[in-house]
Amino acid sequence: MSATSTPKSGPDLSHYPGGEALYRLRHSAAHILASAVTELFPDVKVAGGPPIENGFYYDFARDQPFTPEDLERIDARMREIVAENQPFESSESSRDEAIKKFEGAGEKYKVHFISQIPAGDKVTFYRNGRFLDLCRGPHLASTGELKAFKLTHVAGAYWLGNERNEMLQRIYGTAFATPAELEAYLHQIEEALKRDHRRVGKELDLFSIHEEVGAGLIHWHPKGGMVRHQIEEFWKDEHLKRGYQLVYTPHIASEKLYAISGHLENYADLMYAPMDIDGQPYRVKPMNCPMHIMIYKNRKHSYRELPIRLAEMGTVYRYERSGVLHGLDRVRGFTVDDSHIFCTPDQLAGEVLGILDLMDFLLKTFGYQYVCYLATRPKDHFLGSEEQWAFATAALEQALKQRGLPYEIDEGGGAFYAPKIDVKLRDAIGREWQCPTIQVDLNLPKRFGVYYTGPDGQDHEAVMLHRALYGSVERFVGIYIEHTGGEFPVWVAPVQAVVIPANPKAYDYAADTARMFREGGMRAEVDLRDDKMGAKIRDAELQKIPYMVVVGPREAEAGAVSPRRKGVGQLETMTREAFLERVQKESRERSA
RNA sequence: GCCGGUGUAGCUCAGUCGGUAGAGCAGCGCACUCGUAACGCGCAGGUCAUCGGUUCGAGUCCGAUCACCGGCUCCA
């Protein structure tokens with residue numbers, strides 16, 4: 001366990017989800033895991049392992065990888081240790097004594113932890129059975145109190161989290177106070193798995209990735225394309241209402257551009273290698289900002305024109321190491337819902353307020369709660385003056401306060417060129433995702449010479465805000481798929497309604513109804529396959545189509561439809577016109 | 001990139017000790033003419049990720065590469 005210089009005070013548990021009791025439980029589970037492993041595999045060296053959200057882990061150094069069979073043996077031994085009800089006994093010794101003891105045992109990782117402790121301090125240990133671990137506690141009274149746990153998986157982890165260090169083997173597990181809570185957690189994991197956007201994307205035919213094209217490059221199928229289209233249209237509508245102007249910029253650019261912006265020196269490892277065009281090096285673009293600046297700089301601007309809000313769904317390409325790619329979440333080509341706002345210093349706080357307002361509207365429409373973080377100047381490496389940082393940070397904070405948004409300070413968490421507001425949204429199953437970001441760029445205006453003419457007739461450096469609300473459209477859609485589980489609201493659903501004839505006599509009326517709906521602007525299809533109605537309804541339910549519209553001879557006679565809402569069931573029979581109006585209204589209002 | 005795992009039909013997955021490839025669903029054909037979550041019968045579908053090796057013989061064993069999965073590191 002990670003030790004500190006103040007053994008009596010113990011770790012800070014105030015932020016641990018589930019509180020001290022769960023922390024204690026999982027901490028003890030980690031010890032029991034380590035004692036089982038050291039008994040079964042005497043050759044391992046132990047590193048450390050804390051409680052984590054929902055469980056615990058412990059790191060080991062061993063030449064052989066742990067197999068699933070090993071995990072079963074370890075699990076079985078852990079249960080024996082629990083049955084033996086070994087007491088957790090704490091003890092103390094001097095630091096140097098402790099170092100000597102662990103050096104003698106060849107436990108170099110433990111020696112490292114102990115040597116972090118100031119020389120004069122006491123070191124605490126906890127023992128259960130034959131296993132003695134450096135640890136500040138707290139622990140259960142005895143191993144028998146661990147009632148519900150399960151080892152989940154093994155993974156590699158760098159020693160001290162540094163990729164230049166050797167890789168250890170990390171065994172993960174989960175533990176709860178009662179078997180019922182453990183079951184509930186495992187059930188929740190399974191439910192989350194069902195919502196996985198990679199799985200839902202396949203089931204609903206939304207997108208694909210192809211080896212022949214390359215890893216991390218997304219192909220949007222017609223249905224996924226419609227989801228994305230609706231989300232982008234919503235974005236465009238709201239931006240135009242709020243005085244943004246849409247722009248489009250190239251996908252490649254001369255290296256000169258990125259030399260000026262500084263990306264060439266600071267972001268070279270995420271940019272793809274240059275290509276030769278007429279003897280000049282060009283790059284696929286990793287960022288949109290320099291191009292938006294080009295548009296701004298194309299002519300001089302009066303202070304009277306500001307703010308200027310340029311917005312673009314800008315697709316960028318960045319090199320990501322192969323191991324980090326993940327569905328739509330982490331890709332090599334993605335679309336930033338980018339905007340750069342050029343304004344005067346006086347306008348800054350007001351612009352940030354406007355962004356927060358827009359952001360709130362967008363996120364609420366999708367049904368997200370969110371939390372804000374104000375990330376301030378990094379301690380060491382930063383560009384610009386301290387005055388600039390203070391001014392920009394104050395403007396961000398003022399806007400947050402004015403909007404009445406609660407926020408936390410992320411001390412030193414700003415980019416080296418910008419203080420920022422980062423926003424994490426919370427999805428339907430409680431996970432947090434960082435999407436929106438609002439940054440005051442303290443670098444590019446100077447590098448490019450971004451000016452406006454003030455009332456005094458002189459040039460003044462413009463303030464440049466950089467912001468994205470979805471972040472990456474690909475990722476945002478991926479998160480939204482998991483948020484909704486693929487059950488999109490009517491305004492997003494790729495197919496809003498499928499018309500299902502009750503029997504073959506109604507095929508003509510069904511086809512005519514679908515045609516009428518489409519002419520009315522509804523995304524409607526008709527299912528004329530040679531199948532029973534029940535099968536068609538089942539398919540539509542599984543495809544998560546919001547409305548199924550059953551029509552038979554009765555409806556054909558009356559010009560009516562018998563609608564069925566997914567997950568709800570049959571609705572009142574109504575005229576075709578009434579149903580069309582209902583769906584149009586729901587779609588127009590973008591109700592969740 | 002690193003550690004571990006996986007890759008068999010469009011999808012989900014079987015495939016024993018190395019002996020020559022199987023199911024369900026989807027698709028296609030036929031039959032059925034059906035009222036709110038799966039009608040029946042038949043047919044077709046595979047360079048077992050790719051390349052190389054061991055072997056009389058490889059889906060199966062070995063190596064490399066690619067992709068994916070779980071983590072680490074990094075990150076929108």
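All heavy atoms count here, side chains included; hydrogens, waters and symmetry mates do not.
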- Task: Tell me which of A:Gly569 and A:Lys420 sits closer to the 5' end of RNA chain B, going by the nucleotide each one is nearest to.
- Result: A:Gly569
- Task: Figure out the CD/P separation between A:Glu211 and B:A49, and round it to whole Å.
- Result: 11 Å
- Message: Please tell me if A:Lys202 has a side-chain N or O lying less than 4.0 Å from either OP1 or OP2 of B:U12.
- Response: yes
- Does B:C69 have OP1 or OP2 sitting under 4.0 Å from an N or O in the side chain of A:His153? no
- Message: Assess whether a salt bridge exists between A:Glu351 and A:Arg309, defined as any Lys/Arg side-chain N lying under 4.0 Å from an Asp/Glu carboxylate O.
- Response: yes
- Task: Return the nearest nucleotide to the side chain of A:Leu542; candidates are B:G70, B:A76, B:A37.
- Result: B:A37
- Are the charged groups of A:Lys364 and A:Glu238 less than 4.0 angstrom apart, N to O? no
- Gap in Å between the two C1' atoms, one belonging to B:U60 and one to B:G1, rounded: 31 Å
- Pick base, sugar-phosphate or nothing for A:Pro436, based on heavy-atom distances below 4.0 Å to the nucleic acid. nothing
- Take the protein atom CH2 of A:Trp433 and the nucleotide atom C1' of B:C75, then report the distance between them rounded to whole Å. 13 Å
- Message: For a quick test of reading the model: is some side-chain N or O of A:Tyr57 closer than 4.0 Å to OP1 or OP2 of B:G70?
- Response: no
- Charged N-O contact under 4.0 Å between A:Arg228 and A:Glu232: yes
- Task: Can you figure out which of B:A37, B:G35, B:C72 approaches the side chain of A:Val324 most closely?
- Result: B:C72
- B:G71 and B:G59: how far apart are their C1' atoms, nearest whole angstrom? 29 Å
- Could you tell me whether the side-chain ring of A:Phe334 sits stacked on the base of B:A76, using a centroid cut-off under 5.5 Å and a plane angle under 30°? yes
- Item | Residue A:Ala155, side-chain atoms from C-beta onward, closest of B:G1, B:G71, B:C39 | B:G71
- Taking the side chain of A:Asn503 as heavy atoms from C-beta outward, which of B:C39, B:A37, B:G35 is closest to it? B:G35
- Message: Please report the distance, rounded to the nearest Å, between CZ in A:Arg330 and P in B:C74.
- Response: 10 Å
- Fit a plane to each ring of A:Phe476 and A:Phe366, take the angle between them on a 0 to 90° scale, and name the class: parallel (under 30°), tilted (30 to 60°) or perpendicular (over 60°). perpendicular
- Salt-bridge present (A:Glu166, A:Lys108; N to O < 4.0 Å): yes
- Message: In whole Å, measure the gap between the P atoms of B:U50 and B:G46 for me.
- Response: 14 Å
- Task: State which of B:C39, B:A37, B:C68 makes the closest approach to the side chain of A:Ala215.
- Result: B:C68
- Message: What's A:Arg198 touching, base or sugar-phosphate or nothing? Going by heavy atoms closer than 4.0 Å.
- Response: sugar-phosphate
- Task: Take atom P in B:G24 and the same atom in B:C3, then report the distance between them in whole Å.
- Result: 42 Å
- Message: Does A:Val550 reach a base, just sugar-phosphate, or nothing at all? Heavy atoms under 4.0 Å.
- Response: base
- Message: I need the full list of salt bridge (Lys or Arg N to Asp or Glu O under 4.0 Å) pairs touching residues 551-564 of chain A, with sequence neighbours left out, sorted by first then second residue.
- Response: A:Glu541-A:Arg564
- Item | Steps toward side-chain hydrogen bond (donor to acceptor under 3.5 Å, both in side chains) verdict (A:Tyr417, A:Gln439) | CA-CA 9 Å; A:Tyr417 59 85; A:Gln439 311 178 352; 3.0 Å; yes
- Message: Determine whether A:Phe416 and A:Phe382 satisfy the following criterion, ring pair (Phe, Tyr, Trp, His ring centres under 6.0 Å), listing intermediate values before the conclusion.
- Response: CA-CA 4 Å; A:Phe416 69 90; A:Phe382 62 93; over 10 Å; no
- Item | Sugar-phosphate, base or nothing in reach of A:Glu166, heavy atoms under 4.0 Å | nothing
- Message: Just the rounded figure in Å: distance from C1' of B:G1 to CG of A:Leu325.
- Response: 11 Å
- Can you tell me which stems RNA chain B forms when a stem means 3 or more consecutive Watson-Crick or G-U pairs under 3.5 Å? B:1-7 with B:66-72, B:10-13 with B:22-25, B:27-30 with B:40-43, B:49-53 with B:61-65
- Looking at every strand, decide which applies to A:Arg564 at a 4.0 Å heavy-atom threshold: base, sugar-phosphate, or nothing. base
- Message: Quiz question: going by heavy-atom distance under 3.5 Å, is there a donor-acceptor pair between the base of B:C39 and the side chain of A:Asp531?
- Response: no
- Query: Among B:G35, B:U36, B:G70, which nucleotide sits nearest the side chain of A:Arg554?
  - Reply: B:G35
- Message: Between A:Asp512 and A:Arg576, does any side-chain N to carboxylate O distance fall below 4.0 Å?
- Response: yes
- Query: Tell me: CZ of A:Arg321 to P of B:C66, nearest whole Å?
  - Reply: 16 Å
- Item | Under 3.5 Å: donor-acceptor pair, side chain of A:Lys285, backbone of A:Pro290 | no
- Query: Reckon A:Lys505 touches a base, only the sugar-phosphate, or nothing at all at heavy-atom distances under 4.0 Å?
  - Reply: sugar-phosphate
- Task: Sticking with atom P, work out how far B:A38 lies from B:C25, rounded to a whole angstrom.
- Result: 14 Å
- Query: Any side-chain heavy-atom pair from A:Glu191 and A:Ile429 closer than 4.5 angstrom?
  - Reply: no
- Under 4.0 angstrom, heavy atoms only, what part of the nucleic acid is A:His210 near: base, sugar-phosphate, or nothing? nothing
- Query: Expressed as a whole number of Å, how far does the P atom of B:U47 sit from that of B:G10?
  - Reply: 8 Å
- Task: Check whether the side chain of A:Glu320 and the base of B:A76 form a donor-acceptor pair under 3.5 Å.
- Result: yes
- Item | Pairwise C1' distance, B:C30 and B:A21 [rounded to whole Å] | 28 Å
- Decide, yes or no, whether a salt bridge links A:Asp531 with A:Lys536 under the criterion of side-chain N to carboxylate O below 4.0 Å. no
- Could you give the NZ-to-P distance, from A:Lys536 to B:G35, as a whole number of Å? 12 Å
- Message: Students often get this wrong, so: under 4.0 angstrom with heavy atoms, is A:Gly323 touching a base, only sugar-phosphate, or nothing?
- Response: base
- Query: With a non-hydrogen cut-off below 4.0 angstrom, is A:Gln169 in contact with a base, only sugar-phosphate, or nothing?
  - Reply: nothing
- Task: Could you check whether A:Asp530 gets within reach of a base, just the sugar-phosphate, or nothing at all, counting any heavy atom under 4.0 Å?
- Result: base
- Return no unless some side-chain N or O of A:Tyr319 is found under 4.0 Å from OP1 or OP2 of B:G1. yes
- Tell me what A:Val316 touches on the nucleic acid: a base, only sugar-phosphate, or nothing, going by heavy atoms under 4.0 Å. nothing
- Contact class for A:Phe66 (heavy atom, under 4.0 Å): base, sugar-phosphate, or nothing? nothing
- Kindly point out which of B:A38, B:G35, B:G71 is positioned nearest to the side chain of A:Tyr172? B:G71
- Note on the structure: Regarding the side chain of A:Arg538, the nearest nucleotide among B:C2, B:A76, B:A37 is B:A37
- Using whole Å, report how far CG of A:Leu168 lies from C1' of B:U73. 13 Å
- Query: Please give, in whole Å, the distance from B:G1 P to A:Arg318 CZ?
  - Reply: 19 Å
- Message: If you only use heavy atoms from C-beta on, which nucleotide in B:C39, B:C72, B:A76 is closest to the side chain of A:Ala157?
- Response: B:C72
- Task: Decide yes or no, distance alone: a donor-acceptor N/O pair under 3.5 angstrom between the base of B:U36 and the side-chain of A:Gln570.
- Result: yes
- For A:Gly552, which contact category applies under a 4.0 Å heavy-atom criterion: base, sugar-phosphate, or nothing? base
